[in-house]
Amino acid sequence: MKFVDEVSITVKAGDGGNGCMSFRREKFIPKGGPDGGDGGDGGSIFLEADPNLNTLVDYRYTRRFNAQRGENGRGSDCTGAKGEDMVLRVPVGTTVVDAGTQEIIGDLTEPGQRLLVAQGGFHGLGNTRFKSSVNRAPRQTTQGSLGELRDLKLELKVLADVGLLGLPNAGKSTFIRAVSAAKPKVADYPFTTMVPNLGVVDVGQLRSFVIADIPGVIAGAAEGAGLGTRFLKHLSRTRLLLHLVDMAPLDQSDPVEAVETIIHELGKFSPALTLRERWLVLNKCDQLLEDEQQAILDDVVERLEWEGPVFVISASERQGTDALAKEVMNWLDERELRLQEDEEYAAEMAELDQRIEEEARAHIQELDDRRARRKAGLDDEDDFDDDDEDDEDGPEIIYVR
């Protein structure tokens, strides 16, 4: 199954059935009067969040959906049947956007949550509706109204408490394998992670959180380099970011420069996302002696002027990973308690979430516009990476809940 996190679809609700013009004609009943029934309402289209779905791949090829039309009214005061509603199931975490106005129609964040995206047409009235003391043989009817037609953009953002951030080969996939049951691909070359992976981290009885691993970000990602920033939007709903850094890179690169690269690209994608709580995690400490570990740790903290939490771990050897998971769980519990007790803090976090959503959508829309201009020959930028486009041989999903 391919991982698809953005699709465009067209939905057309059913038209309302027309009213009927009819008069009662029976033996021995002269002038029976009007008996034309109303039409039926058109079917509406709903989106429903299904926890069993992980991707929008079902809407990759079938992109137009039409709900059933209401039946026309009939004689003998028979009302037309109502069109059946259509329910389209999407993964939990799907945002629905009007493609024309870029207005957010709704956000499906709870299993079973349902959202009306196209209202069915209203039924037409039969001539029975128009009879009166002065109009005993009405010949007026009304047509059913048209069902709503909309072009929609569906955006999937994975729902996770914690997001992993870092350069390719920083050990993010190894870390998520160490702390959860997720088994993403791990290899000794960069970009082994091509799609987001989710894992559930258990830290005790009835205590767990969800962690998300996204593909690595490289310098220039905000302009489309590498895998670009199309997957950074999945971090917009996380509560905490774990920034993994390779302490002993094979190319002898500077860990501080690796941190600054990610922060720079993160800021270009969404300045508000840099304000999200972020912890620094220095990985692969098993490849260094203790005094070397301490020297690198002190150097990184000093040069970055880092004031937040710092952890030194080895994901491959599972050294320090359990302690980090417990610290994350405690922080999430304290945050939840503070949200309930401190209204000012809750409002501040809600505002930050909204800013991240808006900035992420604006950035992705800008990249889409640039890609469209480039395809139309209106943009001469040769360095723009167009690898985000859907293709037949895209990466297969290794998505774990």
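- Contact record, Val96 with Val117: CG1-CG1, 4.1 Å, taken as the closest heavy-atom pair.
- Note that CD1 of Ile104 and CG of Asp107 are 7.0 Å apart. Values are rounded to the nearest 0.5 Å.
- For Ser270 and Glu359, the side-chain atoms include at least one donor-acceptor pair closer than 3.5 Å.
- A donor-acceptor pair shorter than 3.5 Å can be found between the side chains of Gln354 and Glu358.
- Summarising the geometry, atom CZ belonging to Arg24 is positioned 8.5 Å from atom OG belonging to Ser76; distances are rounded to the nearest 0.5 Å.
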Open item on the list: Could you walk me through whether Arg177 and Asp213 satisfy the salt bridge (charged side-chain N to carboxylate O under 4.0 Å, His left out) test, starting with their C-alpha distance in whole Å, then the side-chain angles of each, then the deciding distance to 0.1 Å, before giving a yes or no?
Closed with: CA-CA 10 Å; Arg177 290 171 68 101; Asp213 170 28; over 6 Å; no
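- When the options Val281, Val179, Leu242 are evaluated for a side chain to side chain contact (heavy atoms under 4.5 Å, CB included) with Ile313, the one that passes is Val281.
- The two atoms that bring Trp331 and Arg239 nearest to each other are CH2-O, 3.4 Å, heavy atoms only.
- No side-chain donor-acceptor contact under 3.5 Å links Arg338 to the backbone of Tyr345.
- Side-chain atoms of Gln340 do not come within 3.5 Å of backbone N or O of Leu337 as any donor-acceptor pair.
- Side-chain contact check for Asp38 and Thr79: no donor-acceptor pair (N or O, by modelled atom type) lies under 3.5 Å.
- To the nearest 0.5 Å, the span separating CG on Asp322 from CD on Glu327 amounts to 12.0 Å.
- Checked for salt-bridge contact, Arg150 and Glu148 meet the test: a charged N lies under 4.0 Å from a carboxylate O.
- At least one side-chain heavy atom of Val90 sits less than 4.5 Å from a side-chain heavy atom of Tyr59.
- Taking 4.0 Å as the cut-off between side-chain N and carboxylate O, Asp85 and Lys82 count as a salt-bridged pair.
- For the residue pair Val245 and Ala258, the shortest heavy atom distance occurs at CG1-CB, 4.4 Å.
- A donor-acceptor pair under 3.5 Å is absent between the side-chain atoms of Glu48 and the main chain of Arg89, judged by distance alone.
- Between Gln119 and Ser44, the shortest heavy-atom contact is NE2-OG, 3.3 Å.
- Side-chain contact check for Asp35 and Ser22: at least one donor-acceptor pair (N or O, by modelled atom type) lies under 3.5 Å.
- The side-chain heavy atoms of Phe65 and Thr10, taken from C-beta on, include no pair separated by under 4.5 Å.
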TODO: Could you walk me through whether Phe46 and Leu115 pass side-chain contact (heavy atoms from CB on, under 4.5 Å), step by step?
DONE: CA-CA 5 Å; Phe46 296 85; Leu115 175 68; over 6 Å; no
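- Taking 4.5 Å as the limit, every side-chain heavy atom of Val201 sits out of range of all side-chain heavy atoms of Val210.
- Here the side chain of Glu336 pairs no donor or acceptor atom with the backbone of Leu332 at under 3.5 angstrom.
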Task: Working for side-chain contact (heavy atoms from CB on, under 4.5 Å), residues Trp306 and Arg278 - done: CA-CA 11 Å; Trp306 189 268; Arg278 184 160 42 92; 3.4 Å; yes
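- There is no side-chain donor-acceptor pair under 3.5 Å between Asn330 and Arg335.
- Other residues, nucleotides and ligands contribute only 12 or fewer heavy atoms inside 6.0 Å of the CZ atom of Arg136.
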- [ ] Please assess Thr95 against Val97 for the test side-chain contact (heavy atoms from CB on, under 4.5 Å), listing each intermediate value before the final yes or no.
- [x] CA-CA 6 Å; Thr95 300; Val97 182; 4.0 Å; yes
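- In summary, the side chains of Gln140 and Asn127 do not present any donor paired with an acceptor at a separation below 3.5 Å, with no hydrogens or angles considered.
- Contact annotation: the side chain of Ser316 approaches that of Asp286 to within less than 4.5 Å [non-hydrogen atoms, C-beta and beyond].
- Contact detail for Leu56 and Val7: the closest heavy-atom pair is O-CG1, 3.8 Å.
- You'll find the side chain of Leu47 stays beyond 4.5 Å of the side chain of Arg114, heavy atoms only.
- Under the 4.0 Å criterion applied to side-chain N and carboxylate O atoms, Asp98 and Lys153 are not assigned as salt-bridge partners.
- Within a 6.0 Å radius of CZ in Arg139, no more than 12 heavy atoms belonging to other residues, nucleotides or ligands are found.
- In this structure, Leu88 and Val11 have side chains that are in contact, with non-hydrogen atoms separated by less than 4.5 Å.
- Leu167 has its side chain within reach of Ile262: a pair of non-hydrogen atoms, C-beta onward, lies under 4.5 Å apart.
- Side-chain atoms of Gln319 never come within 3.5 Å of backbone atoms of Ser314 as a donor-acceptor pair (strictly under, hydrogens ignored).
- Distance check, rounded to the nearest 0.5 Å: CH2 of Trp279 to CD of Glu277 gives 7.0 Å.
- What you find for Ala178 and Thr321 is that their closest heavy atoms are CB-CG2, 4.3 Å.
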TODO: Report the C-alpha separation of Asp58 and Thr62 in whole Å, then their side-chain angles, then the decisive distance to 0.1 Å, and conclude whether the side-chain contact (heavy atoms from CB on, under 4.5 Å) test is met.
DONE: CA-CA 7 Å; Asp58 293 338; Thr62 305; over 6 Å; no
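- Heavy-atom neighbours of Glu84 CD from other residues, nucleotides or ligands within 6.0 Å: at or below the threshold of 12.
- Between Leu125 and Thr141 the shortest side-chain heavy-atom distance does not fall below 4.5 Å.
- Note that the CG atom of Leu273 and the NZ atom of Lys268 stand 15.0 Å from one another [nearest 0.5 Å].
- Atoms CD and NE2, on Glu71 and His123 in that order, are 14.5 Å from each other to the nearest 0.5 Å.
- Side chain of Gln102 to main chain of Ala99: a donor-acceptor pair is present (N/O by atom type, distance under 3.5 Å, no hydrogens or angles).
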Task: Audit row: Lys12, Asp15, salt bridge (charged side-chain N to carboxylate O under 4.0 Å, His left out) steps and yes/no - done: CA-CA 9 Å; Lys12 173 67 170 68; Asp15 300 334; 2.7 Å; yes
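- Panel note: side chain Asp246, backbone Gly171; no donor-acceptor pair is recorded below 3.5 Å.
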